[in-house]
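Input: a single structure, listed below in structure tokens.
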Amino acid sequence: MAYDDFVIQRDLTFSINRGDIFIIMGGSGCGKTTLLRHLVGLLEPAKGTISYDGVSFWGVSHDEREQLKRGIGMLYQSGALWSSMTIGENVALPLKEYTELDEGDIKELVSLKLSLVGLAGVEDYYPSEISGGMKKRAGLARAMALDPEILFFDEPSAGLDPVSSSLLDDLILELRDSLGSTIVVVTHELASIFAIGTNSVFLDTETKTMLAVGNPKTLIADSGDPRIKKFLTRGKEGDSSQPKK
Amino acid sequence: MKISYPSEDTLLINVSGTWKLGNSLPSVSDVSEQINEKSLIRKIAFDTRELSGWDSGLLIFLKKIIDRSSQYNVHVLDEGLPSGVQRLLSLAAAVPGREDSLKGEERISLLERIGEATIDFKHSLKGTLLFTGEAFVAFLKLLRGKARFQRSEFFLILQESGAQALPIVSLISLLVGLILAFIGAIQLRLFGAQIYVADLVGIGIVREMGAIMTGIIMAGRTGAAFAARLGTMQVNEEIDALKTLGISPMEFLVLPRMLALILMLPLLTLYADLMGVIGGLLVGIGVLDLNFMEYYNQTVAAVSLNDLWIGIFMGAVFGFLVAFTGCLRGIQCGRSASEVGKAATSAVVSGIVSIVIATAIITIICNILGI
């Protein structure tokens, strides 16, 4: 992964299994969000391939790629709701574009999706009129609109209070269990990582590559790498570079 | 601040009073002079018993002393300092500054600058070509009736870039007509040919100035608005959200804006023509003592239908150019607030430049074709 000549991360090889809640973790600036943007097809990797079910994302034609994208839902860090449309219109847009449903059905589906994320009745508000946490949940409702097989979350708990953020974690678990979606989460929130993660990749800034893959709960015990231990224990363990006081 | 020498190798600094930023604080150079003069000094100690208040002002002073004294191999004893100051100083010294991360002002040679400018130009040319290609594909899709955009949004843009621009277009084109008439009036009066002011204003406004002024107004008004709007959407990841849903931002955002301006700018031009001619008429009647019918007949005789068509055609071309540059800069916008500002500025500049260039080209072509 690179921007022009500037390499962000190299030699990343991992696979995400169906039904996983896959965590992409690492320190600030290590390229977590960049990796996510590659996974959802917003950026083309400088080298290597990204495959869904064995189908290479950048190796197929434009139309097939668009088809692949339809199986993906993405929740952006700030929600990224379209500010000129109401919340209801935001959630309805993908349904209008990709399904043959009539207005009434779409309206019902929209209010169903919104009530799933606990936002029933906010259809007519504009994004600027609701709080940050609500925007995130509305963004999630929009990402779920087409019942995607894979849901991507970019820092879902950033900027949320602990209660909202744990509610969002519960929601993520619930979605995985009830809809059978595969979920990929970028986060550095330790509580979330341990609460929901079933698989993970750890990116490192200095070596510009991944240090480990695996369940975060076992990583903390098994990994011999001090950098991973330091990260997963909030710096309490595995840090030998600084003198202890 | 008082400096004393309790023993031969120790310099004691007595700090008293309030040491806050904004108060006039003693300079470090007094201390460093002392260190310079007395080469025996190996230690600096502090006495802060009379210190009544401090903030970062004291910290900066101490930091400078520590930096200077390390050059002379002098040891700084921090025992005499308040414990808060001691902790903050050790915190500041805990992580050494990164040598390579300080971006000093680097002098770049002329050759290097030319090289960088060329590479930038190549990138922007590539970006423009890509945008043109995508816009063309979106337009083809529109012709086949496959383009995806929201009708309601399109009508909203029509209204914003059409009807809502009428007041400013009225004012500017009326005044431009007025100015043209005044310039002509002074010259033509010398020959007693005041009536030809109608020709001058009529042809000038209808054939060129109406379209040019409307184009420039719209570049400043709507072009900048498009760039700022799309740029903000880029910053808020709204454009990415469209892309991940497989909705092309070209069809959804750019196409309705282009269509709206290509439709609206000729209409606004027509309106500006009318206002400009009225401006000339006001001068004709008010200053040159012509009567209304005289001026009207002279204008009708002077302005041909060709002039009108050329003006309207230019309006459509300018509509395309303004929307194109506005959307291009908006889509190419970086991911910060300052980038949005840059995008809006650059949309206006490139909009106006392209309008002037297009006018020159169209005028030359008309001249060659004899219309």
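In this text the structure is predicted, and so the values were computed from the model without any measurement. What you see below is based on every heavy atom in this structure, not just the backbone, and it leaves out hydrogens, waters and symmetry mates. Just so it is clear: chains get the letters A, B, ... in the order the sequence lines come, proteins before strands, and each one is counted from 1.
In this structure, A:Y76 contributes its side chain and B:D240 its backbone to a donor-acceptor pair below 3.5 Å.
Atom NZ of B:K43 has 12 or fewer neighbouring heavy atoms from other residues, nucleotides or ligands inside a 6.0 Å radius. The environment of B:F136 atom CZ is sparse: at most 12 non-hydrogen atoms of other residues, nucleotides or ligands sit within 6.0 angstrom. For A:E100, the CD atom is loosely surrounded, since the number of other residues' heavy atoms within 6.0 Å does not exceed 12. No more than 12 heavy atoms of other residues, nucleotides or ligands sit less than 6.0 Å from atom CG of B:L111. Annotation: A:Y98, atom OH; neighbour count of heavy atoms from other residues, nucleotides and ligands within 6.0 Å is above 12.
Of residues 141-162 of chain B, those residues lying under 4.5 Å from chain A by any heavy-atom pair are B:R148, B:Q150, B:E153. Identified by a heavy-atom distance below 4.5 Å to chain B, the contributing residues of residues 30-46 of chain A are A:R37, A:V40, A:L42, in residue-number order. Of all residues spanning residues 144-153 of chain A, those with a heavy atom less than 4.5 Å away from chain B's heavy atoms are A:L146, arranged by number. By a heavy-atom distance cut of under 4.5 Å, B:A241, B:L242, B:K243, B:T244, B:L245, B:G246, B:I247, B:F252 are the residues of residues 241-257 of chain B near chain A, going up by number.
Only the backbone of A:L81 comes within less than 4.5 Å of a heavy atom in chain B; its side chain stays farther off. At a 4.5 Å heavy-atom cutoff, the contact between A:Q77 and chain B is made by backbone and side-chain atoms alike.
Top candidate by heavy-atom pairs under 4.5 Å with chain B, chosen from A:E66, A:K96, A:Q67, A:R70, is A:E66. The residue among A:L93, A:D154, A:L75, A:L68 with the most heavy atom pairs within less than 4.5 Å of chain B is A:L93. Between chain B and the options A:S83, A:S78, A:G73, A:G79, the largest number of non-hydrogen pairs under 4.5 Å is found for A:S83.
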Test side chain to side chain contact (heavy atoms under 4.5 Å, CB included) applied to A:S84 and B:R229, step by step = CA-CA 10 Å; A:S84 59; B:R229 178 65 181 277; 2.8 Å; yes

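The minimum heavy-atom distance linking B:E238 with A:W82 is given by the pair O-NE1, 2.9 Å.
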